[in-house]
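The model shown is predicted, which means the values in this text are computed figures rather than measured ones. We name chains A, B, ... by the order of the sequence lines, and we start the count at 1 in each one.
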Number of protein chains: 2
Amino acid sequence: MLKLSTKGQYGVRAMFEVAKGYPDVPITIKEISKRQDVSVAYLEQILNKLRKGGLIVSVKGPGGGYILSRGPEAISIGEILLELEGPVAITACQDPASGCVRVDGCVTALLWKALGEKIEGFLRTITLNDLLNGSLREITKVGA
Amino acid sequence: MLKLSTKGQYGVRAMFEVAKGYPDVPITIKEISKRQDVSVAYLEQILNKLRKGGLIVSVKGPGGGYILSRGPEAISIGEILLELEGPVAITACQDPASGCVRVDGCVTALLWKALGEKIEGFLRTITLNDLLNGSLREITKVGA
DNA sequence: ATAAACTTGACAAAATTACTAGAGTATTAT
DNA sequence: ATAATACTCTAGTAATTTTGTCAAGTTTAT
Ligand code: FES
Ligand code: FES
């Protein structure tokens, strides 16, 4: 349960590769495709969204590619996923785009809201930098 | 992102209704259907899974229905969802049923693992009792 | 016996995901 | 200029998952 679609997963892995080149080496889609084993066509879609979201900038022409638009310590996993998959919305009722009529009388509304906030809070604290320098190992040790 | 399927949502709401009758009033599927506005046929599927998982017991014959097999303070939301949707598995790589070859070399493996544990930890702490007596309001106030 | 109520497995419509295809635009090295 | 590199964008589609429905049972209280 609570799966993340491949788009989000690939997106994070792609951003990791782009982060490696920060601040001055553009990474091409082709290179990301090779290193992370995701098709070029699919990555185009993903990186395009991330670019529109302002997380990366593209450099055209030979020697071009993608570069982070901010330092890796300033880009959280949460932001990446938000751009690719929209806000955390455990249930349709929690999704601002859908909404629910009976939300007031529903016993579980608070539950899903709390869970969603928990998740978002966590994802906001992890940045690309944590992926780059492997500091996640300690976080996982601390546990819940 | 990170949606919960309706099966899980309905399951929790159904368990909430069953919990109301604990320890001695069996709740029928028909009654749950009415109160939570979910079709009888679909609830059959859901409650059947929960029964097989040992969370509820069924009482047959007239006056029958479903009863919690343990007190509402001893049944967590996590257990309900586990039965209906399997373990939390943010990515296929984290799913014991699928697995991933490159798990050792993958930078994001730890990230998804940590997130999954965070979520499971949270869901384990919330029980049906919390839904019954509205204590969730305080939990959400505390925040992340 | 009879009706209430649960049990089970098969099946199908609908939605979502996970891509692929292909044509187009911009930039730069030579 | 021009060829080569590289990003940009819109559709379309096959596979999968979700979300149910249906119908024919079985069990039990009265
Ligand atoms: S049914 Fe919408 S919040 Fe519970
Ligand atoms: S690709 Fe399997 S763990 Fe990252």
(request) Grab the NZ-P distance between B:Lys7 and C:dA14 for me, whole Å please. (result) 18 Å
(request) Quickly work out the A:Asn48 CG to C:dA18 P distance and round it to whole Å. (result) 18 Å
(request) Hey, which sits more toward the 5' end of DNA chain C by its nearest nucleotide, A:Ser39 or A:Pro62? (result) A:Ser39
(message) Side-chain N or O of A:Ser58 versus OP1/OP2 of D:dA6: is the shortest distance under 4.0 Å?
(response) no
(message) Go through it in stages, so that I can follow the logic: the residues are B:Ile27 and B:Tyr66, the test is side chain to side chain contact (heavy atoms under 4.5 Å, CB included), and I'd like the CA-CA distance, side-chain angles, deciding distance and then a yes or no.
(response) CA-CA 5 Å; B:Ile27 311 287; B:Tyr66 290 91; 5.5 Å; no
(message) What is the separation between atom CZ on B:Arg51 and atom P on D:dT26, rounded to the nearest whole Å?
(response) 15 Å
(message) Which is more 5' along DNA chain C, the nucleotide nearest A:Ala41 or the one nearest A:Gly61? Just name the residue.
(response) A:Ala41
(request) Using the closest heavy atom to pick a nucleotide of DNA chain D for each, name whichever of B:Val40 or A:Thr28 lands nearer the 5' end. (result) A:Thr28
(message) What is the separation between atom CD1 on A:Ile46 and atom C1' on C:dT20, rounded to the nearest whole Å?
(response) 13 Å
(request) Go through D:dT18, D:dG20, C:dC19 for me and flag the one nearest to the A:Lys3 side chain. (result) D:dT18
(request) From the options D:dA29, D:dC7, C:dC19, select the nucleotide whose nearest atom is closest to the side chain of A:Ile29. (result) D:dC7
(message) Is it the case that the side chains of A:Thr108 and B:Gln9 hold a donor-acceptor pair, with the cut-off being a distance below 3.5 Å and no angle test?
(response) no
(message) With a cut-off of less than 4.0 Å, is there a side-chain N or O of B:Tyr66 near OP1 or OP2 of C:dT7?
(response) yes
(request) Using only side-chain N and O atoms of B:Ser5, determine if any of them is under 4.0 Å from OP1 or OP2 of D:dT17. (result) no
(message) Of the options C:dT27, C:dT8, C:dT17, whose atoms approach the side-chain atoms of B:Lys52 most closely?
(response) C:dT8
(request) Return the value, rounded to whole Å, for the distance between atom OH of B:Tyr42 and atom P of D:dC22. (result) 15 Å
(message) Quick check: any donor-acceptor pair below 3.5 Å linking the side-chain of A:Glu44 to the base of D:dC9?
(response) yes
(message) Between B:Trp112 and A:Val12, is there a side-chain heavy-atom distance shorter than 4.5 Å?
(response) yes
(request) Can you establish whether the number of heavy atoms outside B:Asp37 located under 6.0 Å from its atom CG is more than 12? (result) no
(request) When you get a sec, tell me which of D:dC7, D:dT27, C:dC19 is the closest nucleotide to the side chain of B:Lys60? (result) D:dT27
(request) Nearest whole angstrom, please: distance from the P of D:dT21 to the CG of B:Leu43. (result) 10 Å
(message) Please report the distance, rounded to the nearest Å, between NZ in A:Lys30 and C1' in D:dT5.
(response) 8 Å
(request) Evaluate the side-chain proximity of A:Ile77 to A:Phe122: yes if any heavy-atom separation is below 4.5 Å, no if none is. (result) no
(message) Output the rounded distance in Å from CG (A:Leu47) to C1' (C:dC19).
(response) 15 Å
(request) Measure distances between side-chain N and O atoms of A:Gln45 and base N and O atoms of C:dT20, and say whether any donor-acceptor pair falls under 3.5 Å. (result) yes
